[in-house]
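Report on one structure; see the data block that follows.
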Amino acid sequence: MHATRPIAVPPDPPAAEPEAAIALPDYLVDTYSWAYLQPRSLRLLDRHVVVNCILWGNYRRLVRAACREFAAGDRVLQAASVYGNLSSRLADKVGDRGFLDVIDIAPLQVTHCRQKLSGRANVRVRVADAGAAGAQDYDGVCCFFLLHEVPDLQKRRIVNALLAAVRPGGKVVFVDYHRPARWHPLRPVMALIFRFLEPFAAGLVSRSIQHFAESPQDFDWHQRTRFAGLYQVVVATRQR
Ligand SMILES: C[S@@+](CC[C@H](N)C(=O)[O-])C[C@H]1O[C@@H](n2cnc3c(N)ncnc32)[C@H](O)[C@@H]1O
């Protein structure tokens with residue numbers, strides 16, 4: 001005979017905060033306006049084939065690696081909106097008993113993401129700065145390809161705010177670029193892309209994400225690389 005397990009109580013979504021207008025940061029306006037702040041970019045870039053090409057065919061694999069870290073019933077913060085189906089996959093993973101809170105600093109991205117996720121009861125999408133996420137007691141945080149797009153000081157703010165946002169035992173999952181192996185055939189191409197299109201990526205691939213944490217000892221850090229080192233999946237699990 002099977003022992004009956006207690007039915008989990010559905011978690012309450014975090015209290016809704018009033019949507020304050022946040023000034024768009026200079027790094028976003030000056031460097032990534034073409035990618036995130038113009039309606040025609042959304043129509044062009046938010047397609048599986050495009051995001052998968054940008055990630056050299058690794059999009060699904062990296063989304064799977066992120067989603068694997070979360071469980072049904074979890075309350076998860078997604079630190080920025082992402083093209084493709086990451087948010088739907090996360091919402092599916094946490095399920096009806098869980099909750100996905102997607103934030104983005106750009107109102108246009110928030111509107112777009114709301115449209116993509118409309119009809120899902122376990123999701124909220126709102127304007128907020130990942131660098132001011134605050135102590136929130138989430139079970140998990142997913143930070144997908146955000147850090148390489150922000151200056152180093154912002155990397156530090158964002159990493160520490162996201163680490164502060166999880167409960168003890170909760171995890172922050174960072175998926176982002178990493179330094180490819182010396183023999184990687186795409187290494188010279190990526191060096192050009194980082195130089196001309198992704199000027200803040202150098203500050204990420206030259207050091208570990210743990211390096212940005214103010215209290216790294218409070219977390220158990222686990223890093224794996226993918227695609228001969230071009231990508232990294234870092235899981236920081238809060239110990240106390
Ligand atoms: C997650 S990153 C890159 C994702 C990846 N290139 C993709 O979309 O497939 C892009 C998003 O980060 C957002 N963003 C940049 N700085 C942010 C911050 N401080 N807080 C929250 N969102 C931010 C941008 O508005 C943009 O929508």
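Only heavy atoms go into these numbers, but all of them, side chains included; no hydrogens, no water, no symmetry mates. First listed ligand is number 1; within each ligand, the first listed atom is number 1. Small disclaimer: the values here were computed from a predicted structure and weren't measured.
For ligand 1, the atoms closer than 4.0 angstrom to any heavy atom of Ala106 are 25 (O). Each of the atoms 7 (C), 8 (O), 9 (O) of ligand 1 lies under 4.0 Å from some heavy atom of Tyr83. Residue Gln109 approaches ligand 1 through these ligand atoms, each under 4.0 Å from one of its heavy atoms: 27 (O). Close contacts of ligand 1 with Asp129, meaning ligand atoms under 4.0 Å from a residue heavy atom, involve 18 (C), 19 (N), 20 (N). Of all atoms in ligand 1, numbered sequentially from 1 with element shown, those under 4.0 Å from a heavy atom of Ala130 are 18 (C), 19 (N), 20 (N), 21 (C). Contact atoms of ligand 1 toward Glu149: 2 (S), 3 (C), 6 (N), 10 (C) (distance under 4.0 Å to a heavy atom of the residue). With ligand atoms numbered from 1 in the order given, ligand 1 contributes 21 (C), 22 (N) to contacts under 4.0 Å with heavy atoms of Ala79. For ligand 1, the atoms closer than 4.0 angstrom to any heavy atom of Tyr27 are 15 (C), 16 (N), 17 (C), 18 (C), 19 (N).
Contact analysis puts Ala128 in contact with ligand 1, with a non-hydrogen atom separation below 4.0 angstrom. Residue contacts with ligand 1: Ser81 is included, with a non-hydrogen atom under 4.0 Å away.
Ion pairing between Lys155 and Asp152 holds under the 4.0 Å rule for side-chain N and carboxylate O.
Closest protein heavy atom to atom 6 (N) of ligand 1: Tyr36 OH, 2.9 Å. Counting protein heavy atoms only, atom 15 (C) of ligand 1 is closest to Leu146 CD1, 3.6 Å. For atom 13 (C) of ligand 1, the closest non-hydrogen atom of the protein is Asp104 OD2, 3.2 Å. In this structure, atom 12 (O) of ligand 1 lies nearest to the protein heavy atom Ala80 CB, 3.4 Å. Of all protein heavy atoms, the one lying nearest to atom 3 (C) of ligand 1 is Phe145 O, 3.0 Å.
For Ala91 against Asn122, the heavy-atom pair with the smallest separation is O-ND2, 3.0 Å.
Counted by atom type alone, Tyr32 and Glu198 present one or more donor-acceptor pairs between their side chains at under 3.5 Å. If you check the side chains of Gln223 and Ser208, you find no donor sitting under 3.5 Å from an acceptor. Between the side chains of His48 and Asn85, not a single donor N or O lies within less than 3.5 Å of an accepting N or O.
Contact annotation for Leu28 and ligand 1: only side-chain heavy atoms (C-beta onward) come within less than 4.0 Å of the ligand. Neither the backbone nor the side chain of Ala35 comes within 4.0 Å of ligand 1, counting heavy atoms alone.
No option in Ser87, Cys142, Ser88 other than Ser87 meets the side chain to side chain contact (heavy atoms under 4.5 Å, CB included) test with Leu100. Considering Arg167, Arg238, Lys171 in turn, Arg167 is the only one that fulfils the salt bridge (Lys or Arg N to Asp or Glu O under 4.0 Å) rule with Asp139.
Distance CG/Asn160 to CZ/Phe212: 10.0 Å, rounded to 0.5 Å.
Other residues, nucleotides and ligands contribute more than 12 heavy atoms inside 6.0 Å of the CZ atom of Arg187. Within 6.0 Å of atom CD1 in Ile193, more than 12 heavy atoms from other residues, nucleotides or ligands are found, so the atom counts as buried in its surroundings.
Taking the ring centroids of Tyr83 and Tyr36, they lie under the 6.0 Å cut-off.
Here's the thing with Ile105: one of its N/O atoms is less than 3.5 angstrom from an N/O atom of ligand 1. Looking at His148 next to ligand 1, no N or O pair under 3.5 Å apart turns up.
A parallel orientation is assigned to the rings of Tyr231 and Phe227, their planes being inclined by less than 30° (bins at 30° and 60°).
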